Amino acid sequence: MFKPILTIAASLVLPIASHAATAATRTNPFLEPYNTPYNIPPFEKIQYGDYLPAIEQGIKEYKKEIDAIVSNPAKPDFNNTILAMEKSGLLLNRVMSVFSALDETESCPEMVAISEKAYPMYSQCNDEVMMNPGLFKRVKSVYDRRKSLNLTAPQMRAVEQLYKNFTRNGALLSDSDKEKLKAINTNLTDLYLKFNKNLLDDTNAFQLFVTDRAKLAGLPEANIAQAADAAKAAGKEGQWLFTLHAPSRLPLLQYADNRDLRRQMYEGYINLASSGKNDNRPVINRILQERTQKAKLLGFKDFASYSTDNVMAKTTEAAEDLLLEIWTPAINRVAEEVKEMQALADRNGDKIKIEPWDYYYYAEKVRKDKYDLDEGEVRSYFSLDNVRKGIFSMAERLYGIKFTEMPDAPKYNPEVTVYDVTDLKGNHVAVFMTDYFPRASKRQGAWMSEFQGAFKDPDGKTQRPIVFNVGNFSKPTGDTPALLTLDEVETMFHEFGHGLHGMLTQASLRSQAGTNVDRDFVELPSQIHEHWALEPELLKTYARHYKTGEVIPDALVKKLQESSTHNQGFTTTELVGAALLDLQYGKLNPEGDIDVSAFEADVAKTLAMPETVQFRYRSPYFRHVFGSDGYSSGYYTYLWAEVLDTDGFELFKEKGIFDPATAKRFKETVLESGGSVDPMDLYVKFRGHRPSVDALLRNRGLEPVKKPLKSSDLKQVGGK
């Protein structure tokens, strides 16, 4: 998934000064030039004690810069107001980019303690800036006169978006209401910290030990070896340990013949952060109440309306209508899939009724039965290093960039690899970092962010980005390299697509560079690049057997293509269901607590959700929605962007997946432009027409229905 506020590292060893003399003589590395290649943060110099003083200094400088803008006697214009704001707060952003990144994967007591102070300070500072009446007066002056200022199209868009950003952050409120909004934002920041801490702690608390190897029948040897390594690390050598992290959880659900073992893992996952000291349901209630108050203060009927107002969808109803066009075809396919699985179980004499913990297992059995496709055999051709070569080859053929490892570059963890990205003439384009394996202190999932953004100032000063990808992929074991599942391969291409969006940007303004685009457009570059992963023309160049070096056979490629839409009912239903659940939460205006579990069940009932499928994320671990504002009432954006990416990739299929003219047009219109142009205008310029949901349904192998449900068919669910 894309992460707008930066994210990174784990087993990083941060030195801590042990003598007063050392602390007195050393300089905080954030407060001096980095003097590193391409301005990469000097991670080895950073101490825990550096963050808060640097954040405090950054806030002090930011406020001073804002005061200078406000007190400027010159008439407000683009340069002395809008551009000046763009260039303010650089020290604060410099520190927060590192801290927020490390906080995502280095969740130790020291980082938790810092985060409890850092994020509220940061939030409060931003509130003060966005509610500064003098600053807003200048922005409004530029906004009111924008059509007479001879602005470029990107400048015009920047002015209009900044003005809207101010109003969405309370600039038009009375002084008393501004104070209320500040308090709400501070409360939400604290609640997000609590939600994420509970989730990480509960994830790490779950341990499923197996003492009898016979119970592991069906699991690939690589996964058994990983479980043995995990148990040994936990002090129980000779046993096997399974956790809720995806590389451990999913293979067990998919391959373990022992049904009770699958049930234990499934129930452990769906009950994550749902009881005891890490129960997130009370946190969710407080978040819902704070968001309700925020939406009301800002003049919106509910939080979902607030969230969709400034993106491509514009309204909650538009987002729901899109999802509902996909919903019925998806659940119709689920019925077919369950029927196939039950028939196979009956033929095998298993004497069971398919339950949710059986879905992954029997879906894999059906796939093997229908397509003679063995996931273990497939993984043998997808070592992580080979997949990395594949994504780099794709980027070079499409966009003319090369990746050269920088072994001596600063890195926040020994597992990180750093690359110098150059064009074919050798000119520096970006720095790219990868961090692909799970650690106990790293949150689940995969994401992209950056330590440094890009810009081109009018005075000629420029800066190129430092972008990173983080994952939680299957680790190497013994002499066997990291062998990826098909899902992991697609995820690696997905996050690399986000990375390309960040690396190739040519937008001049900081606020419009790279992934600074509408939230429901940001997934287009990531998702469209997933399509190349299994295209034979590229696949044959990087998918090689990890032992023999043999290129993936044509027969296996054919099976992959034939089975590409296998299990798409399940996959689509859990995704669309989660997106609809998110929007129903956004439509609530609770005055008191609701029963979170009952509300979730009510949504499932209203949607006629199949009993064998669960929401992709149940509420207590739905981090996209309750871990920050990033995707709240916005999880639908993955499907919204998929409408774009499937329609867009059909042009590549028509012209050739490496057609130079098509690649050049996509690079220039989408990847380089960032948020400098309205996203639908960019898409139409690339594709030649507006998209429809038809390409998505074709890509997933789903049959459209004549009369899909509409937003108006969804009555208010649960709560009040």
Side-chain angles (χ1 to χ4, degrees), residues 202-210 212-228 230-231 240-274 334 337-338 340-342 344-345 348 350 352-369 373-376 378-379 438 444-446 472-475 483-491 563 566-575 577-578 609-618 620-622:
D202 217 47
T203 299
N204 288 332
F206 180 89
Q207 293 183 315
L208 179 57
F209 283 98
V210 176
D212 182 359
R213 197 183 194 283
K215 290 185 177 181
L216 304 181
L219 276 166
E221 286 300 320
N223 297 112
I224 294 174
Q226 287 176 359
W240 295 266
L241 170 60
F242 296 89
T243 71
L244 294 178
H245 294 283
S248 179
R249 180 184 83 250
L250 293 178
L252 187 146
L253 289 172
Q254 192 169 7
Y255 297 113
D257 294 333
N258 188 300
R259 194 182 188 212
D260 188 59
L261 202 59
R262 299 198 308 269
R263 179 190 58 77
Q264 291 180 63
M265 176 60 77
Y266 176 82
E267 291 180 347
Y269 184 62
I270 66 166
N271 291 310
L272 186 58
S274 298
V334 166
E337 290 171 356
V338 172
E340 285 185 308
M341 291 188 289
Q342 188 66 60
L344 185 144
N348 291 345
D350 294 340
I352 59 108
K353 175 181 177 293
I354 298 295
E355 300 286 356
W357 51 87
D358 297 317
Y359 212 111
Y360 283 98
Y361 179 77
Y362 282 98
E364 179 62 24
K365 294 287 187 185
V366 169
R367 178 166 65 171
K368 188 169 177 58
D369 184 61
L373 188 63
D374 183 347
E375 176 83 7
V378 172
R379 291 180 67 176
Q444 292 198 55
N472 281 276
F473 301 143
S474 301
K475 299 181 72 169
L483 300 177
L484 304 188
T485 66
L486 287 176
D487 182 66
E488 289 174 328
V489 171
E490 290 179 352
T491 299
S563 65
H566 174 68
N567 211 35
Q568 279 299 314
F570 172 84
T571 302
T572 309
T573 296
E574 64 166 8
L575 173 59
M609 190 163 186
E611 61 180 14
T612 48
V613 184
Q614 184 54 262
F615 296 109
R616 175 161 294 185
Y617 302 104
R618 294 196 65 195
Y621 52 91
F622 205 162

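These numbers were taken from a predicted model, which means no experiment stands behind them.
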Taking NZ, NE, NH1 and NH2 as the nitrogens, is one of them in [X] or [Y] under 4.0 Å from a carboxylate oxygen of the other?
X	Y	answer
E267	R249	no
E375	R379	no
D212	K215	no
K353	E611	yes

Please examine the side chains of [Y] and [X], heavy atoms only from C-beta on, and report whether any two atoms are closer than 4.5 Å.
X	Y	result
M341	L344	no
R367	N567	no
F615	M609	yes

TODO: Would you name the heavy atoms of G445 and N472 that are closest together and state the gap between them?
DONE: O-ND2, 2.7 Å
TODO: Quick one: list whatever passes ring pair (Phe, Tyr, Trp, His ring centres under 6.0 Å) with Y362, sequence neighbours left out.
DONE: none
Task: F570 vs Y359, ring pair (Phe, Tyr, Trp, His ring centres under 6.0 Å): CA-CA, chis, key distance, verdict - done: CA-CA 8 Å; F570 172 84; Y359 212 111; 4.4 Å; yes
Task: Candidate list L219, L216, L253, test side chain to side chain contact (heavy atoms under 4.5 Å, CB included), partner L261, passing option - done: L216
Open item on the list: Once side chain to side chain donor-acceptor pair (under 3.5 Å) is applied, do any residues pair with Q207, and if so which ones, sequence neighbours excluded?
Closed with: none
